[in-house]
Amino acid sequence: MAILTVKNLSKRYGENVVLSGINLEIETGCTQVIMGPSGCGKTTLIRCLNLLELPDAGEICFQGENLLKDQRSAQRLRNKIGFVFQSFALYRHLSVLDNLTLALRKLQGKSRAQANAMAREELAYFDMSAHEQKFPAQLSGGQKQRVALARSLVMKPEIIILDEPTSALDPLMSQEVAQLINRLSHRKVTTVCVTHDIAFAGQISQNVIFMSGGVIQAQGAVEYLAKCGLPQVEKFFGNTSHG
Ligand SMILES: Nc1ncnc2c1ncn2[C@@H]1O[C@H](COP(=O)(O)OP(=O)(O)O)[C@@H](O)[C@H]1O
Ligand SMILES: [Mg+2]
């Protein structure tokens, strides 16, 4: 069953039409990768999915309910979607532990003791227990990414959306993030991941969409997309026989 269904989603900034009729079904528990040239609207699309950006037209249905129709159900459902920003967006003035507990305490009303217990469990999962009292500036890029993931997952979302999780990391770290994402499938979290890294995409999913010109041009595994018969898509995925 689809956890998220996007129908005819459109979004423009002034004259700039960024999304012009996106249709997409994301299956519960899967990892959905979103690729496409720089500026094609990947970030705009995932920001719309979480209503960080309001689309001009279309539907976003989360478990069958249209997020754009009813503001109250939108807020409720939005709490089930976690978002990890490209730049991690950690709170610089808070320790690792407090980065994880802030929303638990302020948004979910957990006591400090409850929040700390949940945060410590999540930090252990991400092998970050030893760093709980550090501040973001004291962490490596890969460690910041782990904290950003942990902070999102501690809220127990049903979907986690990641924007270019490897863009700030070296290749070895990227492999590590791929392993972390693959491990998430055991937790029954649906993952939506934007990336420009073809190797990384292939490591985490067989289900990649290629966006350009405001629509989804093709969908499938990386190996399929590289030979799908559409010159623009094949070129992006490294098939240079079209010149
Ligand atoms: N807040 C905004 N205001 C105006 N234009 C924007 C805004 N956000 C994105 N854009 C424009 O929308 C287009 C798509 O941007 P984006 O979704 O960030 O692309 P991608 O993530 O694929 O690189 C770009 O032309 C960008 O300049
Ligand atoms: Mg982007």
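Along the sequence shown, the residues carry numbers beginning at 1. We count ligands from 1, going down the list as the structure has it; atoms in each ligand are counted the same way.
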Flag this pair as yes if the NZ/CZ of Arg151 is under 6.0 angstrom from the six-membered ring centre of Phe88 and inside a 45 degree cone about the axis; otherwise no.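 Because its charged atom misses either the 6.0 Å distance or the 45° angle limit, Arg151 does not stack over Phe88.
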Examine Arg120 relative to Tyr125 and say whether NZ or CZ is less than 6.0 Å from the centre of the six-membered ring and inside a 45° cone about the ring axis.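 No - Arg120 does not lie over the ring of Tyr125 by the 6.0 Å and 45° rule.
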Does this structure show an ion pair linking Arg183 with Glu176, if we count only N-O contacts that are shorter than 4.0 Å?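 No.
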Test of proximity, Val18 against ligand 1: N or O pairs below 3.5 Å: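 No, there is no polar N/O contact under 3.5 Å.
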Is Leu102 reachable from Val154 through a run of hydrophobic residues whose side-chain heavy atoms are each under 4.5 Å from the next?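 Per the 4.5 Å side-chain linkage, Val154 and Leu102 are not co-clustered.
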Consider only side-chain N and O atoms of Glu59 and Asn8, and report whether a donor and an acceptor are under 3.5 Å apart.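 Their side chains do not contain a donor-acceptor pair, so the 3.5 Å distance test is not met.
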Go through the side-chain N and O atoms of Glu158 and Gln63 and say whether any donor and acceptor fall under 3.5 Å apart.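 Gln63 and Glu158 do have a side-chain donor-acceptor pair below 3.5 Å.
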Proximal atoms of ligand 1 relative to [X] (non-hydrogen, under 4.0 Å):
X: Asn16; value: 11 (C), 12 (O), 25 (O)
X: Ser38; value: 23 (O)
X: Thr44; value: 14 (C), 15 (O), 16 (P), 17 (O)

Does some side-chain heavy atom of Cys228 sit less than 4.5 Å from a side-chain heavy atom of Phe210?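 When only atoms from C-beta onward are counted, Cys228 and Phe210 do not touch, as no gap falls below 4.5 Å.
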The Mg ion (ligand 2) reached by Thr44 (N, O or S, under 2.8 Å):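 No, outside the cut-off.
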Near Gln114 CD, under 6.0 Å, is it more than 12 heavy atoms from other residues, nucleotides or ligands?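 It does: Gln114 CD has more than 12 such atoms within range.
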Quick one: look up the protein heavy atom nearest [atom] and list residue, atom name and how far away it is.
atom: atom 2 (C) of ligand 1; result: Tyr13 CE2, 3.5 Å
atom: atom 19 (O) of ligand 1; result: Gly41 N, 3.2 Å
atom: atom 18 (O) of ligand 1; result: Thr43 CB, 3.7 Å

Ligand 1 contact by Gly36, heavy-atom criterion under 4.0 angstrom: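 In this structure, Gly36 fails to qualify as a contact of ligand 1 - no heavy atom is under 4.0 Å.
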Atom 10 (N) of ligand 1 touched by protein heavy atom at under 4.0 Å: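 Given the 4.0 Å cut-off, atom 10 (N) of ligand 1 counts as touching protein heavy atoms.
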Selection from Ser212, Gly39, Gly14 by shortest heavy-atom distance to atom 14 (C) of ligand 1: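 Residue with the shortest heavy-atom distance to the ligand atom: Gly39.
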